Q: 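Got a structure here, written out as structure tokens. Questions coming.
Residue numbering restarts at 1 for every chain, and letters A, B, ... go by the order of the sequence lines. Because the structure is predicted, anything quoted here is derived from the model rather than measured.
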Protein chains: 2
Amino acid sequence: MGTPSTSPSPQRPRGRPPKMAAPGAVATALRLLDEEGLDALTMRRLATALDVQVGTLYRHFATKQDLLAAMAEEMLAGCAGPLPEGTTWQEQVTELAGRLRAALLRHRDGARVYAGTHAVGPNTLSYTDTLVGVLRAAGLPTQAATRTAFAIVHFTLGHTLEEQAAAELIDSGLPAALDALHAALDRRRYPNLSDAAATITSTDFAAQFAHGLNLLINGLAVR
Amino acid sequence: MGTPSTSPSPQRPRGRPPKMAAPGAVATALRLLDEEGLDALTMRRLATALDVQVGTLYRHFATKQDLLAAMAEEMLAGCAGPLPEGTTWQEQVTELAGRLRAALLRHRDGARVYAGTHAVGPNTLSYTDTLVGVLRAAGLPTQAATRTAFAIVHFTLGHTLEEQAAAELIDSGLPAALDALHAALDRRRYPNLSDAAATITSTDFAAQFAHGLNLLINGLAVR
DNA sequence: ACCTGAACACCGTTCAAGT
DNA sequence: ACCTGAACACCGTTCAAGT
């Protein structure tokens, strides 16, 4: 009964074999992002890199926004993975927040891509679910755990956005940045910033991140 | 000596009177932003709104990025204004963070505009200086005060980014958003998120913001 | 001094037609 | 079923020429 076994495959039995696949396209898009940056990531350049016509991309992604959302989602792969055992909830929260920061930093303009898409895929959901779970296990009621998880994610996103902006500004030869710093050092106008020059010009972003994250964790004051 | 008093003005005595001025252009750009959103804010549309040719804009802003930076800077006008007297440092920090959130929310896509420009104008510098000042007055050493100020700004930026994204998603008829929520309610895959459905779907962004900000403030544990 | 007009080198998106 | 080829309606940016 049915067609003979000469049909090419039971899952995709007829028509031309696909020249491109969505997962591969996302991987190529992330490579292009790393090489050229977000502003240079166009549908046309992606099509060229995939050796395909531009229109073909719209068979897999309805809009460029959808492509970016798929990229943002892909970035979080693995962030919700198993946590080291025998650790305190504070260490687990620190681990999870660190994973998110690392995931966004791993790709050029990663934070901008993530911030620009309201990502709601399984990787993002799993990540948030895991973070809320750690906070509930620490003794927080559901609402407090959820709001705290969002606060941690929002802080991490904002921090990483600035960290990447600062990094790109630094290795692009900081033109107006030094002028602004000079203005900041004006003791009359910005007395506090001028005292803080060392901290402001510091590139120890890990310490800056740890400071903010510790504030959030300490603020919970869980017994 | 010199030209007679018939010359039009001592400051701009010769040539054609300017048809546009940078401050007016920024104000118009912010109005366009509110009306059409960031994606529709193009140099060409701004030129049309100003009744000027596109090229003329490049006399005042070297690039579109410069325009966006000027808009971001303008948004923070007044945020560093005098603080109410006779208040605790906690109340002052809350006031300042609330002003930043309000400033970013005041314009459509305001957070996205601010996040996309590494703003370093006087309004931004004054704001940060004021926040650092309040934290130092509360007893924090300079480095801790500065890092805390950045943490507060980064959290506020991240929170506001998500708040505006959620708001635009809500009044654009949330298409895939309900699907994602449905997935989140899958108790097998996201046990914690499904318990937190009420908090996740809440539109009480002010409470969400206050929660995160209080965490940061409590975390300081200043005597 | 300031603006116009026109061009250059691109974009995202759509869709008939091919195989 | 999947892709090509070509078009549509735009972009940001530059620059000679006008007044």
Q: Which heavy atom of A:Ala80 sits nearest a heavy atom of A:Thr130, and at what distance?
A: CB-OG1, 3.7 Å
Q: Spell out, as yes or no, whether a donor-acceptor pair under 3.5 Å connects the side chain of B:Gln164 to the backbone of B:Leu104.
A: yes
Q: side-chain contact (heavy atoms from CB on, under 4.5 Å) between A:Val52 and A:Arg59: does it pass, once the steps are laid out?
A: CA-CA 12 Å; A:Val52 130; A:Arg59 187 158 288 280; over 6 Å; no
Q: Among A:Leu41, A:Asp34, A:Leu38, which residue satisfies the side-chain contact (heavy atoms from CB on, under 4.5 Å) criterion with A:Asp109?
A: A:Leu38
Q: Return yes if some donor-acceptor pair links the side-chain N/O of A:Arg106 with the main-chain N/O of A:Met75 below 3.5 Å, else return no.
A: no
Q: Which nucleotides of nucleotides 10-19 of chain C have their base under 4.0 Å from a protein heavy atom (B), which only their sugar-phosphate (S), and which neither (-), written as one string 5' to 3'?
A: -BBBBB--B-
Q: Sub-3.5 Å donor-acceptor pair from the side chain of A:Thr128 to the main-chain atoms of A:Thr124, do we have one?
A: yes
Q: Among residues 26-37 of chain B, which residues get a heavy atom nearer than 4.0 Å to DNA chain D?
A: none
Q: Would you please classify the geometry between the B:His159 ring and the B:Phe155 ring as parallel, tilted or perpendicular, with 30° and 60° separating the classes?
A: tilted
Q: What's the shortest heavy-atom distance between A:Val132 and A:Ala145, and which atoms?
A: O-CB, 4.0 Å
Q: B:Val113 and B:His107: side-chain contact (heavy atoms from CB on, under 4.5 Å), yes or no, with the steps?
A: CA-CA 9 Å; B:Val113 169; B:His107 292 98; over 6 Å; no
Q: Just by distance, do the side chain of B:Ser194 and the backbone of B:Pro191 share a donor-acceptor pair under 3.5 Å?
A: yes
Q: Using both pair distances under 3.5 Å as the test, note the stems of at least 3 consecutive Watson-Crick or G-U pairs that include DNA chain D.
A: C:4-8 with D:12-16, C:12-16 with D:4-8
